[in-house]
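Just so it is clear, the model here is predicted, and its values are computed rather than measured. Throughout, a chain's letter reflects where its sequence line sits, starting with A, and its residues are numbered from 1.
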Amino acid sequence: MPELPEVEVVRRGLNEHLVGRTITGVRVHHPRAVRRHDAGPADLTARLLGARITGTDRRGKYLWLLLNTDEALVVHLGMSGQMLLGELPDTRHLRIAAVLDDGTKISFVDQRTFGGWQLTDLVAVDGSVLPVPVAHLARDPLDPRFDAESVIEVLRRKRSEVKRQLLDQTVVSGIGNIYADEALWRAGIRGTRMADRLSRPRLRALLAAAAEVMNDALAAGGTSFDSLYVNVNGESGYFSRSLDAYGREDEPCRRCGTPIRRAKFMNRSSYFCPNCQR
DNA sequence: TATATCTCCTGCGGGC
DNA sequence: TGCCCGCAGGAGATAT
């Protein structure tokens, strides 16, 4: 499942191969993949033709290609989206295909169709220039201008479980279910604890753990449990071997040996150590 | 206004 | 073998 580290790996791959190139062809194979582009597939296709890619950027789980038209092509991978370069061995889940002036083929493949492309304007927000659909997101822990202390103040006002807040992209972006569980495990905090009942040092440790676990995952090329997350070359990351909590139900906690427990939370699974996450 | 829940979607695995 | 059901979960829409 692509979260911040996986999206960043993909962005780096796209940055390496696409910047400076001009889009010469676009074909939308599945309308749902462009459902957030209000003007529809034909408009997206027409406006992308002839546009030159001048850069790439990312906030949280969103990445975008900057265009010479002063617009951005926003890409969200959803749960299973892939941005693949080159020939496609299997076109079953191909949603959008594009071609560049040097012949490079870009395929947006997305089995579960939660992801998509959207062409939007840019706006200035809090010292950053962002695509409109990304403007409401908080900075992520890997952002050089991420301000942990202000996030802590937000969390201290939330009468809600701390894991729920970690997953709220307007509080802190980039964290999904996997890295939320991993950060909570590293910080020794149960996700069901109310955010406003946690001390500032505990919240500080939690945000530091989130940044740490995502940096570790980035260094490993991202997390992969199956073929749903791959980089632009179709390769999986290796960080799943390093997960301490997520997906380890009944396996011994690497800190205290207590079996990791799984519980339903927000209609999804949470993994935690019942002994050292109190 | 703040917080919680529902919904979208596809493929896989388990149970019958 | 075939069918049904639950599960995976990001984020916008809707409900409380």
Side-chain angles (χ1 to χ4, degrees), chain A residues 1-8 10-11 28-38 58-64 74-83 90-96 108-118 120 130-138 140 151 153-184 191-197 210 214 217 222-230 236 240 243 245-250 261-272:
Chain A
M1 316 301 171
E3 297 183 28
L4 187 157
E6 291 75 35
V7 176
E8 175 60 16
V10 171
R11 186 202 65 78
V28 176
H29 290 264
H30 197 303
R32 192 174 145 77
V34 295
R35 65 193 179 284
R36 293 195 180 92
H37 186 78
D38 294 335
R58 180 195 56 74
R59 175 169 286 192
K61 302 169 201 169
Y62 286 83
L63 69 87
W64 58 93
V74 179
V75 177
H76 196 286
L77 300 178
M79 287 181 60
S80 55
Q82 302 173 355
M83 289 284 281
D90 175 3
T91 58
R92 257 185 313 170
H93 302 118
L94 175 63
R95 308 307 185 198
I96 307 170
F108 180 68
V109 173
D110 189 10
Q111 180 194 99
R112 296 179 193 170
T113 69
F114 276 46
W117 287 14
Q118 183 179 12
T120 81
L130 302 169
V132 172
V134 181
H136 68 290
L137 297 185
D140 61 65
V151 175
E153 291 313 309
V154 171
L155 290 170
R156 296 270 295 171
R157 291 194 298 269
K158 295 288 188 179
R159 302 188 65 172
S160 173
E161 296 103 325
V162 68
K163 181 174 178 182
R164 191 183 291 277
Q165 296 308 313
L166 283 182
L167 296 173
D168 185 336
Q169 305 297 299
T170 65
V171 173
V172 52
S173 68
I175 302 176
N177 198 44
I178 297 171
Y179 294 116
D181 279 359
E182 291 302 304
L184 287 162
T192 49
R193 287 287 304 274
M194 300 300 279
D196 64 350
R197 306 299 292 173
M214 289 197 287
T223 300
S224 177
F225 300 98
D226 46 39
S227 60
L228 289 183
Y229 159 68
V230 294
S236 294
S240 57
L243 294 176
Y246 187 87
R248 298 192 64 243
E249 184 181 16
D250 295 333
R261 195 179 293 169
R262 179 166 76 109
K264 272 284 175 194
F265 181 77
M266 290 176 70
N267 217 17
R268 56 207 56 185
S269 290
S270 280
Y271 297 86
F272 61 94

Quiz item: For A/Tyr179 and C/dG10, is the shortest distance between a side-chain N/O and OP1 or OP2 below 4.0 Å?
Solution: no

Quiz prompt | Rounded distance in Å - CD (A/Glu249) to C1' (C/dA8) | solution = 14 Å

Self-check item: Under-4.0 Å side-chain N/O to phosphate OP1/OP2 contact, A/Lys264 with C/dA8
Solution: yes

Quiz item: Counting side-chain heavy atoms from CB outward, which of C/dA8, C/dA11, B/dC8 is closest to A/His76?
Solution: C/dA11

Quiz item: So, is A/Lys158 close to the B/dT3 phosphate, meaning a side-chain N or O under 4.0 Å from OP1 or OP2?
Solution: yes

Quiz item: Roughly, in whole Å, what's the span from CZ in A/Arg112 to C1' in C/dA11?
Solution: 15 Å

Practice problem: By nearest nucleotide on DNA chain B, pick out whichever of A/Glu161 and A/Thr113 is the more 5' one. | Solution: A/Glu161

Quiz item: Can you check the A/His29 NE2 to B/dT10 P distance for me, whole Å?
Solution: 17 Å

Self-check item: Atom pair distance, as rounded to whole Å: CD in A/Gln111 and C1' in B/dT10
Solution: 5 Å

Practice problem: Decide yes or no on side chain to side chain contact (heavy atoms under 4.5 Å, CB included) for A/Arg11 and A/Val75, but give the supporting numbers first. | Solution: CA-CA 10 Å; A/Arg11 186 202 65 78; A/Val75 177; over 6 Å; no

Quiz item: Between C/dA8, C/dA11, B/dT3, which one does the side chain of A/Ser269 approach most closely?
Solution: C/dA8

Quiz item: A/Arg268 side chain N/O closer than 4.0 Å to the phosphate oxygens (OP1, OP2) of C/dG10?
Solution: yes

Exercise. Would you mind classifying the nucleic acid contact of A/Arg262 as base, sugar-phosphate or nothing, using non-hydrogen atoms under 4.0 angstrom?
Key: sugar-phosphate

Exercise. Examine C/dA11: is either OP1 or OP2 under 4.0 Å from a nitrogen or oxygen in the side chain of A/His136? Give yes or no.
Key: no

Quiz prompt | Contact under 4.0 Å: A/His93 side-chain N or O vs B/dT10 OP1/OP2 | solution = no

Quiz prompt | Within-4.5 Å side-chain heavy-atom neighbours: A/Arg164 and A/Asp168 | solution = no

Practice problem: May I ask you to say what A/Phe265 touches in the nucleic acid, namely base, sugar-phosphate or nothing, with a heavy-atom cut-off under 4.0 Å? | Solution: nothing

Quiz item: Of all the nucleotides listed (C/dG10, B/dT7, B/dT10), which has the minimum atom distance to the side chain of A/Asn267?
Solution: B/dT7

Self-check item: Mutual orientation of the aromatic rings belonging to A/Tyr62 and A/His76 [parallel < 30°, tilted 30-60°, perpendicular > 60°]
Solution: perpendicular

Self-check item: A/Asn177: which of A/Arg268, A/Lys163, A/Glu182 passes side chain to side chain donor-acceptor pair (under 3.5 Å)
Solution: A/Lys163

Exercise. Using atom CG of A/Leu155 as one end and atom P of B/dA2 as the other, report the distance to the nearest whole Å.
Key: 15 Å

Practice problem: Report the distance from atom CD of A/Gln169 to atom P of C/dG12, rounded to the nearest whole Å. | Solution: 9 Å

Self-check item: Distance below 4.0 Å between A/Ser160 side-chain N/O and B/dA4 OP1 or OP2
Solution: yes

Quiz prompt | Closest listed nucleotide, where the reference is the side chain of A/Arg159 and the choices are B/dT10, C/dG10, B/dT3 | solution = B/dT3

Self-check item: Option passing side chain to side chain donor-acceptor pair (under 3.5 Å) with A/Ser269 (candidates A/Arg262, A/Lys264, A/Glu249)
Solution: A/Arg262

Quiz item: Can you find a donor-acceptor pair, distance only, under 3.5 Å between A/Arg164 side chain and B/dA4 base?
Solution: no

Quiz item: Between B/dT1 atom P and A/Arg157 atom CZ, what is the distance in whole Å?
Solution: 15 Å

Quiz item: Are any of the side-chain heavy atoms of A/Leu77 and A/Glu6 separated by less than 4.5 Å?
Solution: no

Self-check item: Length of the CZ-C1' vector between A/Phe114 and B/dC9, whole Å
Solution: 5 Å

